[in-house]
2 protein chains.
Amino acid sequence: MSQTRQSNTGRSNTSSAILGILSTGPMSGYDIKAFADRSVRPFWAVSYGQLYPELKALAAAGLVAAEAQPRGSRRRTVYRLTERGQAALANWLAEPIEGGHELRDEMLLKLFFGDPLSPSQLQSFLRQMRRRHEEAAANLTKQEARLGSRAGALRLAVSRFGSEYHRFRADWCTRLLAEIQGGARR
Amino acid sequence: MSQTRQSNTGRSNTSSAILGILSTGPMSGYDIKAFADRSVRPFWAVSYGQLYPELKALAAAGLVAAEAQPRGSRRRTVYRLTERGQAALANWLAEPIEGGHELRDEMLLKLFFGDPLSPSQLQSFLRQMRRRHEEAAANLTKQEARLGSRAGALRLAVSRFGSEYHRFRADWCTRLLAEIQGGARR
DNA sequence: GGTACCATGTAACTCGTTACATGATTGT
DNA sequence: ACAATCATGTAACGAGTTACATGGTACC
């Protein structure tokens, strides 16, 4: 009993994301949030409401170390990854993903029950979805350009995934639009 | 005060999914769950833990009507969509989706922080992901075939989305595998 | 003096899953 | 007898968001 937890097994992915971010260097909770918003945000959002409690839990588990580093009289706690934290991160990375890919896709849900919609309603719905995905794809493409070649191959690939994914969805909308057009004419 | 809720606005998507399922005909909670598992499951899972309480709430709101229809001495409650329920469903369908598409993608999260992985670990990770998506795509393709032309155009399209989506992800894995191969050789 | 940003936190809430409990019916 | 399936439910938990509260600092 009371076996010390030496891996991150059992912790949430968000907690691992925090460890991952801290593996780039020590920083404050605020910095972690900013880092997350600039990087993993499109596929893994992190909110303060989870971040600060989780940092405390990680510190209690010895995976990160907290150090007070006030700026002037503004309090500030900087966290750094401990060796055990680094091990936990490596551990999490090496673990296979369990359970399959649970989706929650409101667009598909509405379309599945979308028969009662009039053709024009359906059309405007699909056009709206398409526009959103096109915008998202454009934004991510821009972000990739900004990333340039400063980032590692994996980070670039992940970023590319984002724009390609939204492009995929936008194209799917286009195809479905064409299909219902054709069907209506027949 | 005490204004009767005449639309489904403010209710969860799961609640709308239930209304959508009931729009195909009256059925018991058990039947709804079975229906959901056969249809929307890949993009919108429904569990008993939500279903039964939600059915009570929908009945209380007057969107569905409950009728006791025991089979032998086994109790059974059959729900049907009321007119207000039908209106609520139509309403939900017509509402634009608010907020953008929040993803939670463990694969991308791991890859983003995947630099510490050895090339062979990375390779096996990507191959595993690819295999899973290929299997998922194959299953959904089979399901589409079973659906045949009995289903409406929208349902077919949604089902097609599923297999194409998994195919997209599998292909992305393949491309990334090729890329890291090439990079390692250089 | 105001605005934007740095910084940390918590309480309430929503959504959803998991595990359990209970019992009837049907088919082998 | 037994397993599978029909049928309904709840309690505990987990993950995550939102809204709020508080206060310092930098710059115009």
Side-chain angles (χ1 to χ4, degrees), chain A residues 8-18 21 26-38 40-41 43-60 64 66-79 98-106 109, chain B residues 8-18 21 26-38 40-41 43-60 64 66-79 98-106 109:
Chain A
N8 207 29
T9 308
R11 301 201 148 280
S12 69
N13 286 321
T14 293
S15 136
S16 299
I18 294 170
I21 291 172
M27 53 184 116
S28 68
Y30 185 87
D31 292 333
I32 292 172
K33 167 71 166 145
F35 186 107
D37 284 345
R38 267 183 285 109
V40 297
R41 173 63 232 280
F43 52 90
W44 205 277
V46 177
S47 68
Y48 287 128
Q50 263 196 292
L51 180 55
Y52 284 111
E54 193 61 48
L55 278 171
K56 289 196 171 172
L58 287 170
V64 302
E67 194 193 344
Q69 280 185 19
R71 301 248 240 232
S73 79
R74 183 201 283 161
R75 78 195 169 108
R76 184 158 167 274
T77 308
V78 168
Y79 294 89
E98 57 190 280
H101 208 55
E102 292 297 326
L103 255 41
R104 237 153 239 287
D105 194 320
E106 205 180 335
L109 188 60
Chain B
N8 206 29
T9 308
R11 303 202 146 281
S12 71
N13 285 320
T14 293
S15 134
S16 300
I18 294 170
I21 291 172
M27 53 184 115
S28 67
Y30 186 88
D31 293 332
I32 293 172
K33 165 74 166 142
F35 186 107
D37 284 345
R38 267 183 286 109
V40 296
R41 174 64 232 279
F43 52 90
W44 204 276
V46 177
S47 69
Y48 286 128
Q50 264 197 292
L51 179 56
Y52 285 112
E54 192 61 48
L55 279 171
K56 290 195 172 169
L58 287 171
V64 303
E67 194 192 344
Q69 281 185 19
R71 303 250 239 230
S73 78
R74 184 201 282 162
R75 77 197 170 107
R76 186 159 166 272
T77 308
V78 167
Y79 295 88
E98 57 190 282
H101 209 58
E102 292 296 326
L103 254 41
R104 237 152 239 288
D105 194 319
E106 203 179 336
L109 189 61

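Note that the coordinates shown come from a computational prediction; the quantities given were computed from them, not determined experimentally. Sequence lines set the chain letters: A, B, ... in the order given, protein chains first and strands last, and positions in each chain run from 1.
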Asp31(B) and Ser28(B): side chain donor to acceptor below 3.5 Å: yes
Between CG of Asn13(A) and P of dG16(D) the distance, given in whole Å, is 7 Å
List for me each residue that meets side-chain contact (heavy atoms from CB on, under 4.5 Å) alongside Pro26(B), sequence neighbours excluded, and say none if there are none. Val78(B), Arg80(B)
Does DNA chain D take part in any stems of at least 3 consecutive Watson-Crick or G-U pairs (both distances under 3.5 Å), and if so, which ones? C:1-28 with D:1-28
Taking only residues two or more places apart in sequence or in another chain, which ones pass ring pair (Phe, Tyr, Trp, His ring centres under 6.0 Å) with Phe35(B)? none
Hits for side-chain contact (heavy atoms from CB on, under 4.5 Å) against Arg104(B), two or more places apart or cross-chain, chain-then-number order -> Thr14(A), Trp44(A), Ala45(A)
Under the side-chain contact (heavy atoms from CB on, under 4.5 Å) test, which residues partner Ala60(B), sequence neighbours left out? none
Of all residues at least two apart in sequence or in a different chain, which pass the side chain to side chain donor-acceptor pair (under 3.5 Å) check with Glu54(B)? Arg11(B)
Once side chain to side chain donor-acceptor pair (under 3.5 Å) is applied, do any residues pair with Thr77(B), and if so which ones, sequence neighbours excluded? none
Residues forming a side chain to side chain donor-acceptor pair (under 3.5 Å) with Arg41(B), sequence neighbours excluded: Glu102(A)
Could you list all N or O pairs between the protein and nucleotides 9-14 of chain C that sit under 3.5 Å apart?
none

Please state whether the phosphate of dC6(D), meaning OP1 or OP2, lies under 4.0 angstrom from any side-chain nitrogen or oxygen of Ser28(B). no
